[in-house]
Visitor: 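Quick one: this structure, given as structure tokens, is what I'll be asking you about.
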Amino acid sequence: MEVCLCLCSISRSSSITKFGTSPILIALLLSLMCFTYTDAYDVLDPNGNITVKWDVKSWTPDGYVAIITIYNFQKYRHIQAPGWQLSWTWAKKEVIWSAVGSQATEQGDCSRFKGNIPHCCKRDPTIVDLFPGTPYNHQIANCCKGGVISSWIQDPEKAVSAFQLSVGQAGTSNKSVRLPKNFTLKAPGPGYTCGPATKGKPTKFLTPDGRRFTQALMTWNVTCTYSQFQAQTAPSCCVSLSSFYNDTIINCPTCTCGCQNNITHPGTCIEPDSPYLASALRISEKNDYKPLVRCTKHMCPIRVHWHVKTNYKAYWRVKITITNFIYRMNYSQWNLVVQHPNFENLTQIFSFNYAPLVPYGPINDTAMFWGIKYYNDLLMQGGPYGNVQSEILLRKDKSKFTFEKGWAFPRKVYFNGDNCVMPPPDVYPYLPNASGHSGLILLHCLATILISLILLHNL
Ligand SMILES: *[C@@H]1O[C@H](CO)[C@@H](O)[C@H](O)[C@H]1NC(C)=O
Ligand SMILES: *[C@@H]1O[C@H](CO)[C@@H](O)[C@H](O)[C@H]1NC(C)=O
Ligand SMILES: *[C@@H]1O[C@H](CO)[C@@H](O)[C@H](O)[C@H]1NC(C)=O
Ligand SMILES: *[C@@H]1O[C@H](CO)[C@@H](O)[C@H](O)[C@H]1NC(C)=O
Ligand SMILES: *[C@@H]1O[C@H](CO)[C@@H](O)[C@H](O)[C@H]1NC(C)=O
Ligand SMILES: *[C@@H]1O[C@H](CO)[C@@H](O)[C@H](O)[C@H]1NC(C)=O
Ligand SMILES: *[C@@H]1O[C@H](CO)[C@@H](O)[C@H](O)[C@H]1NC(C)=O
Ligand SMILES: *[C@@H]1O[C@H](CO)[C@@H](O)[C@H](O)[C@H]1NC(C)=O
Ligand SMILES: *[C@@H]1O[C@H](CO)[C@@H](O)[C@H](O)[C@H]1NC(C)=O
């Protein structure tokens, strides 16, 4: 049951689609999968993907110039520093003569060239973004953001990254050009799988004066999708709970993200009053992204605390606090996704941005929250400022609302797209005299199956 609560999701494998529209079979399959962790695809963002589009803009004596655009079509998964790294394998003996708004990480063996030396001769180049502040003659539109891409809901304009390549030894017509193979998003890394490149309708570009369309000579694109199952990342986030009606604070489960082990692995975490903290923080000024986590029982970089704060006649109020336990890492453009049956009646939200995540789905129970620009969109590194908080006001849905059996607590929480580990439901703060919750969990599982079913139908 517990497995279902955190991980209930479905797999879009071919075995499902083969059964066509037989809902009973699908329901059966889903209910079976509910208890095995096959998180091949995300129920809350079933079409989420990163699309890489190549537009050949002009031919050159031995190849072409292409604009490559990366679109992050994922609702709440973004790419944070140190940014994306895109790699592929050339189909022939192509080389990259030059790059604008990006660079190859390695030049490779260009010894067969005399005079003009290409920017990169590797058969499987890896391209990275440049940083803001790059000279203008090395920039193109949407480049140079250090590889950081926003999620689609947070900022669709910043969910795009682009660069230009001049490719040589490539063929100079739409008949001789071969599409590159084996596209890989090396960063953000495991979890993303890219499909093959497919030729599509040539993109149309509006000229700067806005009066004429020009057309790419050739366009192909690649779709990459994320699977938490494939990522196999250890948890990085946990949830703690409290309420006005019970003094008990339910902490994050111990060892959620690792265990303190200062005997065999000293330095796996650092105490806030440790004399080493100051020197460790100084190292951070170099681009060292190795996390340095504060010692806690759960050892998670991120803790989300849900406090049921106030009970009014027709409303109730929740306080959400997100705490960063990593010294030397800021989370920019963080986001939080929370599932709770009363979100349908969310009335007011303070100091976070909000969007309903499945607003037209059968069950409108999932909310996405993120920071307000220049106010709290940066979740600061661990320490006195390492937290952001908000309160939300919900109108009681009379048919469902209760403080009993942990109903007031969230069902699922994701931070930056990663599942946050919840305490087991049997330790939730009780209303005095309340009994167990197994009925609730079963209900939730059924609800999840229902959502999945209808989403599948709409695919
Ligand atoms: C990728 O996402 C876009 C935008 O949501 C969608 O139009 C497209 O169909 C998706 N591609 C795939 C292969 O799912
Ligand atoms: C190549 O381009 C020509 C002219 O633009 C077009 O007619 C032809 O269909 C294209 N061929 C392929 C294989 O895309
Ligand atoms: C595809 O690319 C990945 C990463 O660059 C590499 O590990 C893998 O061997 C490549 N596969 C093929 C078939 O080239
Ligand atoms: C990618 O290519 C597919 C197939 O040609 C097309 O259906 C889709 O709209 C393209 N996506 C983008 C974002 O251009
Ligand atoms: C390990 O760390 C914990 C928590 O800081 C502390 O209570 C404990 O005494 C430490 N153990 C040793 C052997 O240093
Ligand atoms: C985090 O952001 C603050 C404020 O912008 C900055 O002073 C600090 O150096 C940043 N820390 C890291 C590790 O980037
Ligand atoms: C879903 O809930 C949100 C929050 O209450 C609301 O703004 C939105 O209109 C709802 N959508 C539908 C289709 O009811
Ligand atoms: C809660 O939202 C649902 C769907 O929008 C609506 O049917 C219901 O009446 C709302 N309940 C209250 C108490 O506003
Ligand atoms: C508060 O909740 C805990 C379970 O987490 C329970 O053991 C305790 O009895 C509750 N306190 C009261 C006063 O009901």
Side-chain angles (χ1 to χ4, degrees), residues 12 17 40-42 44-53 69-77 80-91 104-106 108 122-128 131 146 148-149 151-153 156 159-160 180-198 200-201 220-227 230 277-278 280-294 301 324-334 357-358 360 371 373-388 455-456 458-459:
R12 185 169 47 179
T17 46
Y41 120 104
D42 193 337
L44 297 176
D45 189 10
N47 295 316
N49 68 75
I50 292 180
T51 296
V52 182
K53 188 157 68 76
T69 313
I70 303 173
Y71 296 90
N72 182 12
F73 288 129
Q74 300 180 104
K75 283 179 176 168
Y76 54 82
R77 229 176 271 282
Q80 57 189 339
W84 55 262
Q85 289 191 15
L86 181 66
S87 135
W88 59 82
T89 308
W90 292 116
T105 54
E106 270 185 79
K122 278 186 71 102
R123 236 181 98 67
D124 54 348
T126 298
I127 306 293
V128 295
F131 284 95
V148 172
I149 310 186
S151 72
W152 194 257
I153 287 189
V160 179
K181 288 189 273 209
N182 192 22
F183 278 87
T184 312
L185 271 170
K186 284 181 142 175
Y192 285 95
T193 316
C194 301
T198 49
K201 274 228 301 273
W220 62 83
N221 70 26
V222 176
T223 304
C224 308
T225 51
Y226 182 82
S227 144
Q230 263 177 17
L277 183 58
L281 285 180
R282 241 174 284 124
I283 299 170
S284 77
E285 273 136 42
K286 301 181 193 107
N287 275 341
D288 183 353
Y289 289 100
K290 198 163 151 272
L292 185 65
V293 71
R294 184 172 120 195
N324 181 3
F325 288 103
I326 307 193
Y327 295 111
R328 76 182 181 194
M329 185 169 136
N330 294 324
Y331 287 89
S332 60
Q333 296 173 21
W334 59 267
L357 204 56
V358 200
Y360 306 108
K373 203 164 181 187
Y374 306 126
Y375 174 56
N376 58 6
D377 60 335
L378 186 72
L379 173 51
M380 293 272 272
Q381 61 191 57
Y385 305 109
N387 65 78
V388 289
L455 284 175
L456 252 189
N458 293 341
L459 282 181

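Position 1 is the first residue of the sequence; numbering continues from there. The structure displayed is predicted, hence computed values, not measured ones. In each ligand, atom 1 is the first atom listed, and ligand 1 is the first ligand listed.
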Visitor: Just to be sure I'm reading this right: ignoring hydrogens, which of Ile326, Asn330, Leu379, Leu292 gets closest to atom 3 (C) of ligand 6? Compare them by their nearest heavy atoms.
Guide: Asn330

Visitor: Say whether, by atom type as modelled, one donor and one acceptor occur between the side chain of Asn330 and the main chain of Gln381 under 3.5 angstrom.
Guide: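 Present.
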
Visitor: Please indicate whether any nitrogen or oxygen in Thr51 is less than 3.5 Å from any nitrogen or oxygen in ligand 1.
Guide: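 There is no such contact.
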
Visitor: For a quick test of reading the model, state the closest non-hydrogen atom pair linking Cys194 to Val222 and the distance between them.
Guide: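 Taking Cys194 first and Val222 second, the nearest heavy atoms are CB-CG1, 3.9 Å.
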
Visitor: I'd like to check whether Arg328 has a polar contact with ligand 6, where a contact means an N/O of the residue lying under 3.5 Å from an N/O of the ligand.
Guide: no

Visitor: Determine, counting only non-hydrogen atoms of the protein, whether one lies under 4.0 angstrom from atom 9 (O) of ligand 3.
Guide: no

Visitor: Report yes or no: do Lys186 and Thr126 form a side-chain donor-acceptor pair below 3.5 Å?
Guide: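 Side-chain D/A pair, Lys186 to Thr126: present.
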
Visitor: Asn324 side chain to Met380 main-chain N or O, any donor-acceptor pair under 3.5 Å?
Guide: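 Judged by distance alone, yes, a pair lies under 3.5 Å.
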
Visitor: Look only at the side chain of Ser151 and the backbone of Lys75, and say whether a donor-acceptor pair between them is shorter than 3.5 Å.
Guide: yes

Visitor: Do protein heavy atoms approach atom 14 (O) of ligand 3 to less than 4.0 Å?
Guide: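 For atom 14 (O) of ligand 3 the answer is yes, since some protein heavy atom falls inside 4.0 Å.
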
Visitor: Considering only heavy atoms of Ser87, which atoms of ligand 3 have at least one such atom less than 4.0 Å away?
Guide: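 Near Ser87, meaning under 4.0 Å from one of its heavy atoms, ligand 3 has 5 (O).
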
Visitor: Just jot down the ligand 6 atoms closer than 4.0 angstrom to any heavy atom of Gln381, in number order.
Guide: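 Result: 1 (C), 8 (C), 10 (C), 11 (N), 12 (C), 13 (C).
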
Visitor: Out of Thr126, Asn182, Asp124, Thr184, whose heavy atom sits nearest atom 6 (C) of ligand 3?
Guide: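 The option holding the nearest heavy atom is Asn182.
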
Visitor: Evaluate the ring planes of Trp88 and Trp90, with Trp represented by its six-membered ring, and classify them as parallel (under 30°), tilted (30 to 60°) or perpendicular (over 60°).
Guide: perpendicular

Visitor: Below 4.0 angstrom from a heavy atom of Asn47, which ligand 1 atoms are there? Numbered from 1 as shown, please.
Guide: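 Listed by number with element, the hits are 1 (C), 2 (O).
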
Visitor: Quick check: does any side chain N or O of Thr184 sit under 3.5 Å from a backbone N or O of Asn182, one acting as donor and the other as acceptor?
Guide: yes

